[in-house]
Amino acid sequence: MSTARCTAIALVSVGREVRCAKPAGHGPAEDLHQGLVRVTLPDGREHAASLVWSSTPSPWEHEILRRAT
């Protein structure tokens, strides 16, 4: 396994990127990436959250996006 970092990036808002924290070598068959984001809860507390994404299109993508908005 390579020790190089994965180059995957997710844009979560304008000017805010999340980089994949997994080492490179997780391969196309495992096109899953993970990074950490800071979130602020409605009561003002801040927490770390894990963001997981894939660059492979999903047959459920449109339904997932519809529910998310």
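Distance CG/L36 to OG/S50: 6.0 Å, rounded to 0.5 Å. Between atom CG of residue L65 and atom CZ of residue R67 there is a gap of 11.5 Å, rounded to the nearest 0.5 Å. Taking CG of L11 as the start and CD of E17 as the end, the distance is 6.5 Å to the nearest 0.5 Å.
Under a cut-off of 6.0 angstrom, the local environment of NE2 in H62 is sparse, with at most 12 non-hydrogen atoms contributed by other residues, nucleotides or ligands.
Hydrophobic clustering (ILVMFWY, side-chain heavy atoms < 4.5 Å, transitive): I9 and V12 are in distinct clusters. Hydrophobic clustering (side-chain heavy atoms under 4.5 Å, transitive across Ile, Leu, Val, Met, Phe, Trp, Tyr) groups V39 together with L51.
Looking at heavy atoms from C-beta onward, H33 lies out of side-chain contact with S54 at the 4.5 angstrom threshold.
Under the rule for a salt bridge (charged side-chain N to carboxylate O under 4.0 Å, His left out), R16 has no partner lying at least two apart in sequence or in another chain.
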